[in-house]
Asks: 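Got a structure for you, questions after.
Every chain is numbered from 1 and lettered A, B, ... according to where its sequence line falls, protein lines coming before strand lines.
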2 protein chains.
Amino acid sequence: MKNKRHSIKDIAAVIGVSVTTVSFVLNGKAEEKKISKVVTDKILKYVEKIKYKPNQTAQSLRTGKSKIIVFMVEDISNYFFAKLARIMEDIAYKKGYKVLFCSNENNDEKSIDLINLFKDRQVDGYIIIPSAGIKSKIEELIEEGFPVILFDRYFPELDTNYVVVNNKEASYNATKHLIDNNFQHIGFVTIDVQQTQMIDRLNGYKEAITEAGFNENILKISLQDLTNYGGENSIQEFLEKTPKLDALYFATNYLALSGLKVLNENFPHYINKLGIITFDDLDFFGIYRPTISAISQPFSEIAQTLMNLMLSLLKNDIKGSPITQIKLKTNLVVRSSSQKR
Amino acid sequence: MKNKRHSIKDIAAVIGVSVTTVSFVLNGKAEEKKISKVVTDKILKYVEKIKYKPNQTAQSLRTGKSKIIVFMVEDISNYFFAKLARIMEDIAYKKGYKVLFCSNENNDEKSIDLINLFKDRQVDGYIIIPSAGIKSKIEELIEEGFPVILFDRYFPELDTNYVVVNNKEASYNATKHLIDNNFQHIGFVTIDVQQTQMIDRLNGYKEAITEAGFNENILKISLQDLTNYGGENSIQEFLEKTPKLDALYFATNYLALSGLKVLNENFPHYINKLGIITFDDLDFFGIYRPTISAISQPFSEIAQTLMNLMLSLLKNDIKGSPITQIKLKTNLVVRSSSQKR
DNA sequence: GTGAAAGCGCTAACAC
DNA sequence: GTGTTAGCGCTTTCAC
């Protein structure tokens, strides 16, 4: 069973030609290099018969291309990222690329370590959710000529490829939706970070609130608190200190989950009165009672956009490619938690 | 900025020794090869200074080892698998390995395609959730000397390394738990497949039911129905046709989600009367009302066991390694849905 | 104690 | 039209 792998040399020997000829034929350069049809066919037929597969490692060493794309997110076990990963994987494999997934925990040091690691691995391209402090590392990658695409968030001062969603507009619309449904004291629960997507969500909220002439009620949960208690204690406190709230808008789905937990445990009477809406949809929100309204990010579209952009960067010479910055539309899924009371 | 990468040759030239010496030192063979302390130190210091990292591709080509481990699951966007992936990733990176995740959709053809692909990539080891028909492919891998670990399920007739949980025992205990809480007409909702883990879960249920002298009420959802409607229509029908049911036991968490959805939409009065329990815990189940009892698989332990086993297979010569078959304990998380009424 | 050199499998410039 | 050969960066045998 342990039939040794075929090499291009073996093939050449069997057919009675040189490795060059075989290589040319295999790389589709038969025409260009004017290899005779007879030889070409003979080689192709034999290759087919023995199911020859080139040794990728050797190809990589020789060409400097690894056919590997890195997909670096905060945490691959997060539903949103796992879902994207699944779709990107499929597209990549179809084009002969593999995707190496990794989690940076939104940590600069870990991000940089990982990127360094991948450079040794000759990774062809990078799709990255950048942590706050790796701007210069990203710049370095770009300067070195690697295809890089940021997503979910980006560095406004850095002219890079990125794919994001319309955070501000979506956030404005969600807030407006609550206002239109007669909610007046809308609390916004977010985390205390300077990431573009979170800033945009905050600004969308503020804009709608200001426009309506209402007051802002904002809870910014510290990262430390988020890590230790999932922010539950902060939310609890916020609810206690702001009893007039008649609606809550969560800036991410995990904040909404923490919020629901707190409401369940300590304010059970509140949960059906309060208007609730959240960024990032989950299947779960359609099953919960009340069903929870959410701003849904278009998984499939994001994944496809990222991958297609990466593949095109990889194909065309990177230096010639224009910077591409894409903002995709989210979708407001209205369920019962945000209905007029 | 584009400072070309250092090669072992450059180092040799700078230090004024041969590449052999450098290679020996870098591979920790200085002592063994009796390289002088002076030279060794000089090399190590320089290497440190320029932050030299060996070219992994070249190493792979030369040694035939890629430092890549494949982790093949049904669907990486599934919470359980994504969670495992996250933990395994960390362990692997610490040991200098990368993990290539991929989804086989529980499809034989896709599994085989992927395995073939990885063989060209010189992957070092395989951790696989096998789809039903790839027994011979797994055998082939093993015969060819690759470290292979199956998990979640296995082929009883095949003597391989595997890591699973105590499905039958856990299922028995969960059913017994319902019985002890005075539920008598317990429906078991599963899918119609011949996978060991599902068979064990079914048998655990059957054993507890028989022991109690009760009647079995089993719904086996066809794969087709699962794909098209998430099994919701089957569950609906099952509930309508078996009105005497006072409890439902779901064999997986996604079945439980479908079940909850059906209950919510069409039997809202039922949901607080019915005893509910499910295999595979989700955060969600702790937030739902009622909170849902579940059999929780030990993520962290599974991931660590898998990875440590793989690393030890990779270290020791595989032929010398004994077959390791591990059955881990699950944990019954009792919440309100299974309380005595 | 250290170095020369072969070779992993492939690509492609150059030679004929 | 096809072959010879250098070389990608590394490991390791053998020679001195």
Side-chain angles (χ1 to χ4, degrees), chain A residues 3-44 46-47 50-68 96 119-124, chain B residues 3-44 46-47 50-68 96 119-124:
Chain A
N3 40 4
K4 204 173 141 307
R5 292 193 41 156
H6 307 277
S7 81
I8 213 170
K9 215 161 137 191
D10 303 338
I11 300 175
V14 171
I15 306 284
V17 295
S18 78
V19 290
T20 318
T21 310
V22 178
S23 176
F24 283 153
V25 170
L26 291 177
N27 289 303
K29 294 186 182 164
E31 298 248 323
E32 181 189 333
K33 298 292 179 179
K34 302 187 189 273
I35 309 287
S36 70
K37 192 105 185 60
V38 190
V39 174
T40 305
D41 284 353
K42 233 204 265 182
I43 293 175
L44 288 178
Y46 182 65
V47 157
I50 62 170
K51 292 198 200 313
Y52 165 81
K53 296 280 173 51
N55 178 319
Q56 280 254 22
T57 313
Q59 274 183 329
S60 292
L61 179 59
R62 183 61 232 233
T63 60
K65 299 286 163 213
S66 62
K67 291 277 181 180
I68 291 183
K119 280 166 68 173
D120 304 330
R121 193 98 226 173
Q122 331 255 70
V123 160
D124 291 348
Chain B
N3 41 6
K4 205 174 140 308
R5 293 193 41 157
H6 306 277
S7 80
I8 214 170
K9 213 161 139 192
D10 303 338
I11 300 174
V14 171
I15 305 285
V17 295
S18 77
V19 289
T20 317
T21 310
V22 178
S23 175
F24 284 153
V25 170
L26 290 176
N27 289 304
K29 295 190 182 160
E31 298 247 322
E32 180 189 333
K33 298 292 180 178
K34 304 189 188 271
I35 309 288
S36 72
K37 191 107 186 62
V38 191
V39 174
T40 306
D41 284 353
K42 234 203 271 183
I43 293 175
L44 288 178
Y46 182 65
V47 156
I50 62 169
K51 292 199 201 310
Y52 165 80
K53 296 279 173 52
N55 178 318
Q56 280 255 23
T57 312
Q59 275 183 328
S60 293
L61 179 59
R62 184 58 232 232
T63 61
K65 300 286 163 212
S66 61
K67 292 276 182 181
I68 292 183
K119 281 168 64 175
D120 304 330
R121 194 99 225 168
Q122 332 256 67
V123 160
D124 291 349

Asks: I would like to know whether K9(B) and V14(B) meet side chain to side chain contact (heavy atoms under 4.5 Å, CB included); could you show each step before the answer?
Replies: CA-CA 9 Å; K9(B) 213 161 139 192; V14(B) 171; over 6 Å; no

Asks: Tell me whether the side-chain N/O atoms of Y52(A) come closer than 4.0 Å to OP1 or OP2 in dG9(C).
Replies: no

Asks: Can you figure out which of dT11(C), dG3(D), dT2(C) approaches the side chain of I35(B) most closely?
Replies: dT2(C)

Asks: Among dT4(D), dC10(C), dC10(D), find the nucleotide with the atom closest to the side chain of V19(A).
Replies: dT4(D)

Asks: Return the value, rounded to whole Å, for the distance between atom NZ of K9(B) and atom P of dA5(C).
Replies: 13 Å

Asks: To the nearest angstrom, how far is N27(B) atom CG from dG9(D) atom P?
Replies: 17 Å

Asks: I15(B) vs V22(B), test: side chain to side chain contact (heavy atoms under 4.5 Å, CB included). Steps then yes/no.
Replies: CA-CA 9 Å; I15(B) 305 285; V22(B) 178; 5.6 Å; no

Asks: Between dG3(C) atom P and I11(B) atom CD1, what is the distance in whole Å?
Replies: 14 Å

Asks: What is the separation between atom NZ on K42(B) and atom P on dT2(C), rounded to the nearest whole Å?
Replies: 10 Å

Asks: Atom CD1 of I8(A) to atom P of dT5(D): distance rounded to whole Å?
Replies: 17 Å

Asks: Can you tell me which nucleotide in dG3(C), dG9(C), dT5(D) comes closest to the side chain of L61(B)?
Replies: dG9(C)

Asks: Does dG3(D) have its OP1 or OP2 closer than 4.0 Å to a side-chain nitrogen or oxygen of T21(A)?
Replies: yes

Asks: In whole angstroms, how far is the P atom of dG9(D) from the CD atom of Q122(A)?
Replies: 8 Å

Asks: Counting only side-chain nitrogens and oxygens, does S18(B) get under 4.0 Å of the OP1 or OP2 atom of dG3(C)?
Replies: yes

Asks: Just checking, any donor-acceptor pair under 3.5 angstrom between side chains of S18(B) and T21(B)?
Replies: yes

Asks: Could you check which of dA12(C), dC10(D), dT2(C) has an atom nearest any side-chain atom of N55(B)?
Replies: dC10(D)

Asks: At under 4.0 Å between heavy atoms, what does V39(A) touch on the DNA or RNA strands: base, sugar-phosphate, or nothing?
Replies: sugar-phosphate

Asks: Which is true for K29(B) with a 4.0 Å heavy-atom rule: it touches a base, it touches only sugar-phosphate, or it touches nothing?
Replies: sugar-phosphate

Asks: Working note: N55(A) + Q122(B), criterion side chain to side chain contact (heavy atoms under 4.5 Å, CB included); need CA distance, chi angles, decisive distance, verdict.
Replies: CA-CA 8 Å; N55(A) 178 319; Q122(B) 332 256 67; 3.2 Å; yes

Asks: Think Q59(A) has a side-chain N or O under 4.0 angstrom from the OP1 or OP2 of dG9(C)?
Replies: no

Asks: Any base atoms under 4.0 Å from K33(A), or only sugar-phosphate, or nothing? Heavy atoms, all strands.
Replies: base

Asks: Please tell me which of K34(A) and T20(A) maps to the more 5' nucleotide of DNA chain D, matching each residue to the nucleotide holding its nearest heavy atom.
Replies: K34(A)

Asks: With a non-hydrogen cut-off below 4.0 angstrom, is S36(B) in contact with a base, only sugar-phosphate, or nothing?
Replies: sugar-phosphate

Asks: To the nearest Å, how far apart are R62(A) CZ and dA12(C) P?
Replies: 7 Å

Asks: Do K29(B) and F24(B) meet the cation-pi criteria used here (NZ or CZ under 6.0 Å from the six-membered ring centre, within 45° of the axis)?
Replies: no

Asks: I need the CD1-P distance between I43(A) and dG1(D), as an integer number of Å.
Replies: 15 Å

Asks: Going through the checks in order, is the side chain to side chain contact (heavy atoms under 4.5 Å, CB included) test met by Y52(A) and D10(A)?
Replies: CA-CA 10 Å; Y52(A) 165 81; D10(A) 303 338; over 6 Å; no

